[in-house]
4 protein chains.
Amino acid sequence: MTIPPVSDSAIRVRYAETDTMGVVYYANYLVWFEVGRTEWLRDRGWTYREMETNGVKLPVIGAQCEYLRPATYDEALVIRTTGIIHSAVRVEFRYEVVKEDGTIAARGSTMHAAVNDRGRPCRLPPQVREVFQ
Amino acid sequence: MTIPPVSDSAIRVRYAETDTMGVVYYANYLVWFEVGRTEWLRDRGWTYREMETNGVKLPVIGAQCEYLRPATYDEALVIRTTGIIHSAVRVEFRYEVVKEDGTIAARGSTMHAAVNDRGRPCRLPPQVREVFQ
Amino acid sequence: MTIPPVSDSAIRVRYAETDTMGVVYYANYLVWFEVGRTEWLRDRGWTYREMETNGVKLPVIGAQCEYLRPATYDEALVIRTTGIIHSAVRVEFRYEVVKEDGTIAARGSTMHAAVNDRGRPCRLPPQVREVFQ
Amino acid sequence: MTIPPVSDSAIRVRYAETDTMGVVYYANYLVWFEVGRTEWLRDRGWTYREMETNGVKLPVIGAQCEYLRPATYDEALVIRTTGIIHSAVRVEFRYEVVKEDGTIAARGSTMHAAVNDRGRPCRLPPQVREVFQ
């Protein structure tokens, strides 16, 4: 059995990402998820940019996030990401946002559909499958 | 049987909200959801601001969104929002982002827990229940 | 002498736009400036979108802003915008962000260079000059 | 003569930071400037967070940016920052956003006024002066 590979992306909370409550605004976790999956793909030898110039896109068709503990300005966080093949036409990424003390700030996932260069849904091409296995 | 009240918030897609794919970046729908629930609360006679000065907060503990059709720069959209009591300690908001032709760009929801002025979870106070019923 | 026309864009401060200090994060004024100039152009009969499909772009080459009074969550603001021809190749927009009591929250400007569809600097085409006069 | 110290902050362009033109949206440079000055202060032994708990704030009262070359998704950039004392009550930060080939994407500055814990303008306290010298 293969264990899906995990990538860790270190980020630091920016002032712009906080809100009046003094904590990270909830939409920003989705921005960090993108940072996480970009790095996961890069670690596996491929970048979004290359994928897009090759005519394959993986637009988000669904996202969800649970907020467990607030994060505050200047905090060092790790986005822990893994990617899996969900079906013949979809891949899924899962994320944990980990605080310095090891507790989880948030946990979420995004679902992505393969789309060809004319913007039509398509089966995951072999070069995408390879990255995710 | 009462039908939960709905509020419509008109927005126009800002350039800042689009990305390299030429469509609205997925995290921004959560920002719009906040615009929707702020307006829903205002329509029901209460504002976040008042609620917060009264010592009651409703931080987001979960969010999810399905992306159905892309939205592009300068497009006029409506955020259709409704709020319901989910349990003794939680309220839920549901959202649809409607395009000018009546089709749905995205659909989502957020879950909120009542928190008192010391940041501790608490039962929904009567003045919050009243707004949601 | 002609007075340059002014457009007023009403906005309401979003929670996402505030920061830990409890006020609007400074970069967001530039986002609002874009809302202002989009509306100014629309009021003058032309949209960014059309301009871009016509092969003329007006990318920002400089921006500046003075912050005079903080703005807070849920505040209703007006972005007061005017546009002028700065030279044969540049236009300038000027902005004031006005609070409900009539005081100014911020004041700024952006400089834009005309660029053709191959991304090269060019003289302001007649249809752009017309809009700005 | 002392040379003002410089700090370099490495960032990578996020998808959320790009726009329909396929380049970084102009307001995001101000977000990066904040990343730069946070790191500059940290390198000099002090953090915003500590400064704020000590009752001294340095809110932005002015910002400006010149955009020289576009930056695109996934590009690795360096924010080169320096801070100087501007007057008895103000400090200034200057920034260059440097591309991998050494060319400058943008250049800007922010002006900050010292404010005490009651939100009133004040002279730069000794512990701030020390950091900037």
Side-chain angles (χ1 to χ4, degrees), chain A residues 16-38 47-53 55-72 79 90 92-93 95 97 104-113 115-117 119-121, chain B residues 16-38 47-49 51-53 55-72 79 90 92-93 95 97 104-113 115-121:
Chain A
E17 294 167 338
T18 63
D19 65 22
T20 294
M21 272 198 212
V23 300
V24 172
Y25 186 70
Y26 83 127
N28 292 317
Y29 287 87
L30 273 63
V31 176
W32 297 344
F33 289 172
E34 171 112 39
V35 172
R37 62 182 181 264
T38 299
T47 68
Y48 258 34
R49 222 159 21 172
E50 280 165 7
M51 206 145 33
E52 289 190 10
T53 52
V56 186
K57 286 179 180 159
L58 293 173
V60 181
I61 59 168
Q64 63 85 23
C65 187
E66 275 176 277
Y67 304 92
L68 305 173
R69 276 174 193 77
T72 55
I79 317 303
R90 293 184 179 181
E92 185 185 348
F93 287 98
Y95 317 89
V97 179
I104 307 295
R107 184 178 281 133
S109 65
T110 53
M111 189 71 76
H112 302 253
V115 166
N116 65 19
D117 51 10
R120 311 287 302 179
Chain B
E17 293 167 338
T18 63
D19 65 23
T20 294
M21 271 198 213
V23 300
V24 172
Y25 186 70
Y26 83 128
N28 291 317
Y29 287 87
L30 273 61
V31 176
W32 297 344
F33 289 172
E34 171 112 40
V35 172
R37 61 182 182 264
T38 299
T47 67
Y48 259 33
R49 219 158 26 170
M51 207 146 32
E52 289 190 9
T53 53
V56 186
K57 285 178 180 159
L58 292 173
V60 181
I61 58 167
Q64 63 85 21
C65 187
E66 275 177 277
Y67 305 92
L68 306 172
R69 275 176 194 76
T72 55
I79 317 302
R90 294 184 179 181
E92 186 184 348
F93 287 98
Y95 317 89
V97 179
I104 307 294
R107 184 178 281 132
S109 66
T110 53
M111 189 70 76
H112 302 251
V115 165
N116 66 19
D117 50 10
R118 282 158 305 153
R120 310 287 302 181

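Numbered from 1 within each chain, the chains take letters A, B, ... in sequence-line order.
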Check whether any side-chain heavy atom of B/I61 sits under 4.5 Å from a side-chain heavy atom of B/R90, and report yes or no. yes

Do you know which of A/V23, A/L68, A/V31 has the most heavy-atom pairs with chain B at a distance under 4.5 angstrom? A/V31

B/T110 versus chain A, heavy atoms under 4.5 Å apart: side chain, backbone, both or neither? side chain

Just by modelled atom types, is the B/Y26 backbone N or O under 3.5 Å from a matching donor or acceptor in the B/Y67 side chain? yes

For A/T18, which residues count as a side chain to side chain donor-acceptor pair (under 3.5 Å) partner, sequence neighbours excluded? C/T20

Tell me every residue that passes ring-ring contact (aromatic ring centres under 6.0 Å, His included) with A/F33, counting only those two or more places apart in sequence or in another chain. A/Y95

Between B/Y29 and chain A, with a heavy-atom cut-off of 4.5 Å, which part of the residue counts as in contact: side chain, backbone, both or neither? neither

